[in-house]
Student: 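Attaching a single structure in structure tokens format; questions to follow.
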Amino acid sequence: MSNNNAVFDIGCRLCPRLSHFLNETREKFPDYHARPVPPFGVASPKLLIVGLAPGMHGANASGRPFTGDHAGIILYEMLHKYGFSNKAISTDLDDGLVLKHCRITNAVKCLPPGNKPIGDEINTCNRYLVEELKTIDKKAMILSLGLVSHKAVLKALGLKQSKYPFKHGKIYQLDDGRSIIDSYHCSRYNTNTKRLTEAMFSEIFIQIKAQLKI
Ligand code: URA
């Protein structure tokens with residue numbers, strides 16, 4: 001676990017490569033958020049969803065995780081279908097979307113070049129996840145979208161990576177009452193190739209609802 005834990009900071013510039021890339025992006029797209037993207041949702045969620053990182057023309061543009069991203073279409077549809085929000089679509093910060101029992105965040109808060117954060121960046125940003133995980137419900141579920149998110153969550157919780165291998169659909173019950181559920185990331189690539197189908201993603205939310213009893 002990091003010794004430099006910190007609450008989300010929109011002014012964070014700890015990763016030189018990401019900071020430089022955001023500066024370039026702001027110049028190219030002056031209307032974009034192009035800063036670290038804050039978590040979105042309730043303060044003490046029963047469900048914390050952890051994605052990878054903002055996409056260039058999605059969360060990085062809108063300033064809300066998975067908003068404007070292809071990946072967000074299916075994610076926000078599922079949240080609405082299973083009672084975690086008041087609307088099925090997330091378009092922008094002023095769209096009136098409200099999440100219930102749920103918060104969405106990313107393992108890396110800044111847009112990475114090529115959608116690929118490097119190890120140092122994932123580790124540096126982990127301090128924010130550590131703090132976010134302290135605020136979730138005592139019996140909360142953490143939905144890790146993809147391997148990078150899964151590993152970042154384990155690291156933030158101080159859990160041994162080898163004891164909890166990533167597996168789609170697997171629920172790990174933790175000793176403190178919380179649990180982690182893994183899903184393939186709902187990226188365009190994974191949904192186009194059918195690695196993650198709508199039915200598979202639905203099944204993840206059915207498991208979540210069953211366990212949370214909400
Ligand atoms: N948008 C995000 O905010 N996170 C992802 O992991 C993918 C798209």
Side-chain angles (χ1 to χ4, degrees), residues 8-10 12 15 18 21-22 25-26 29 31-42 45 47-80 84-85 87-95 97 99 102-119 121-126 128-129 132-133 141-156 166 168 180-193 195-198 200-201 204-205 208:
F8 174 80
D9 175 9
I10 199 156
C12 181
C15 301
L18 299 186
F21 192 50
L22 281 182
T25 305
R26 261 199 309 281
F29 302 102
D31 295 340
Y32 279 18
H33 172 79
R35 284 178 173 74
V37 175
F40 171 58
V42 306
L47 173 63
L48 180 71
I49 301 175
V50 184
L52 170 58
M56 170 64 95
H57 305 295
N60 173 65
S62 66
R64 181 193 283 167
F66 287 92
T67 298
D69 294 302
H70 180 85
I73 298 174
I74 182 167
L75 177 62
Y76 283 104
E77 271 175 16
M78 288 292 159
L79 288 174
H80 186 245
F84 289 101
S85 72
K87 296 171 24 151
I89 303 174
S90 178
T91 52
D92 59 75
L93 296 185
D94 301 319
D95 62 5
L97 174 66
L99 299 188
C102 171
R103 192 193 319 146
I104 310 177
T105 191
N106 281 308
V108 174
K109 307 293 189 263
C110 293
L111 166 75
N115 288 331
K116 283 196 173 38
I118 58 177
E121 293 160 354
I122 298 167
N123 290 338
T124 298
C125 209
N126 203 256
Y128 299 115
L129 202 51
E132 285 180 83
L133 284 163
M141 294 188 84
I142 302 151
L143 169 57
S144 287
L145 294 176
L147 181 61
V148 174
S149 155
H150 172 82
K151 287 184 165 179
V153 167
L154 293 182
K155 182 177 166 62
F166 176 85
H168 176 83
I180 299 172
I181 179 165
D182 287 336
S183 170
Y184 292 130
H185 193 287
C186 48
S187 64
R188 183 194 294 270
Y189 181 81
N190 282 348
T191 52
N192 280 354
T193 58
R195 174 168 218 175
L196 180 72
T197 63
E198 208 174 312
M200 286 164 71
F201 209 30
I204 295 288
F205 282 89
I208 291 170

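Counting starts at 1 for both ligands and their atoms, following the listed order.
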Student: Provide the closest heavy-atom pair for Leu93 versus Ser62 in the form atom of the first, atom of the second, distance.
Tutor: CG-O, 3.4 Å
Student: Of the options Cys12, Cys15, Pro36, which is the one that meets Lys109 in a side chain to side chain contact (heavy atoms under 4.5 Å, CB included)?
Tutor: Pro36
Student: Below 4.0 Å from any atom of ligand 1, is there a heavy atom belonging to His185?
Tutor: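 Contact check His185 vs ligand 1: positive.
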Student: Starting from atom 1 (N) of ligand 1, which protein heavy atom do you reach first, and at what distance in Å?
Tutor: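 For this ligand atom, the closest protein heavy atom is Asp69 OD2, 2.7 Å.
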Student: Nearest 0.5 Å, what's the CD1-CD1 distance between Ile181 and Ile208?
Tutor: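 Interatomic distance, Ile181 CD1 to Ile208 CD1, rounded to 0.5 Å: 5.0 Å.
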Student: Considering the heavy atoms of Gly51, write down every atom of ligand 1 situated less than 4.0 Å from one of them.
Tutor: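 Answer, ordered by atom number: 6 (O).
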Student: Mark up the atoms of ligand 1 that fall under 4.0 Å of a heavy atom belonging to Pro65, in ascending order.
Tutor: 3 (O)
Student: Would you say the side chain of Met200 lies within less than 4.5 Å of the side chain of Arg195, judging by non-hydrogen atoms?
Tutor: no
Student: Let me know which of Leu133, Ile49, Leu47, Asp182 forms a side chain to side chain contact (heavy atoms under 4.5 Å, CB included) with Ile142.
Tutor: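 Answer after filtering Leu133, Ile49, Leu47, Asp182: Leu133.
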Student: Taking C-beta and beyond as the side chain, do Thr91 and Tyr76 meet within less than 4.5 Å on heavy atoms?
Tutor: no
Student: Run the numbers for me: atoms of ligand 1, each under 4.0 Å from some heavy atom of Ala59, listed by number.
Tutor: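 Taking each heavy atom of Ala59 in turn, ligand 1 has 3 (O) under 4.0 Å.
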Student: Identify, for atom 4 (N) of ligand 1, the protein heavy atom at the shortest distance, and state residue, atom and that distance.
Tutor: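 Here the nearest protein heavy atom works out to Asn106 OD1, 2.8 Å.
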Student: So, do Ile89 and His80 sit near enough that their side-chain heavy atoms are less than 4.5 Å apart?
Tutor: no
Student: For ligand 1, which atoms have a heavy atom of Leu52 less than 4.0 angstrom away?
Tutor: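 Atoms satisfying the 4.0 Å criterion: 5 (C), 6 (O).
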Student: Does ligand 1 have an atom that lies less than 4.0 angstrom from a heavy atom of Ala53?
Tutor: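 Heavy atoms of Ala53 do come under 4.0 Å of ligand 1.
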Student: Taking both backbone and side-chain atoms of Pro54, is any N or O found less than 3.5 Å from an N or O belonging to ligand 1?
Tutor: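 By distance alone, the answer is no.
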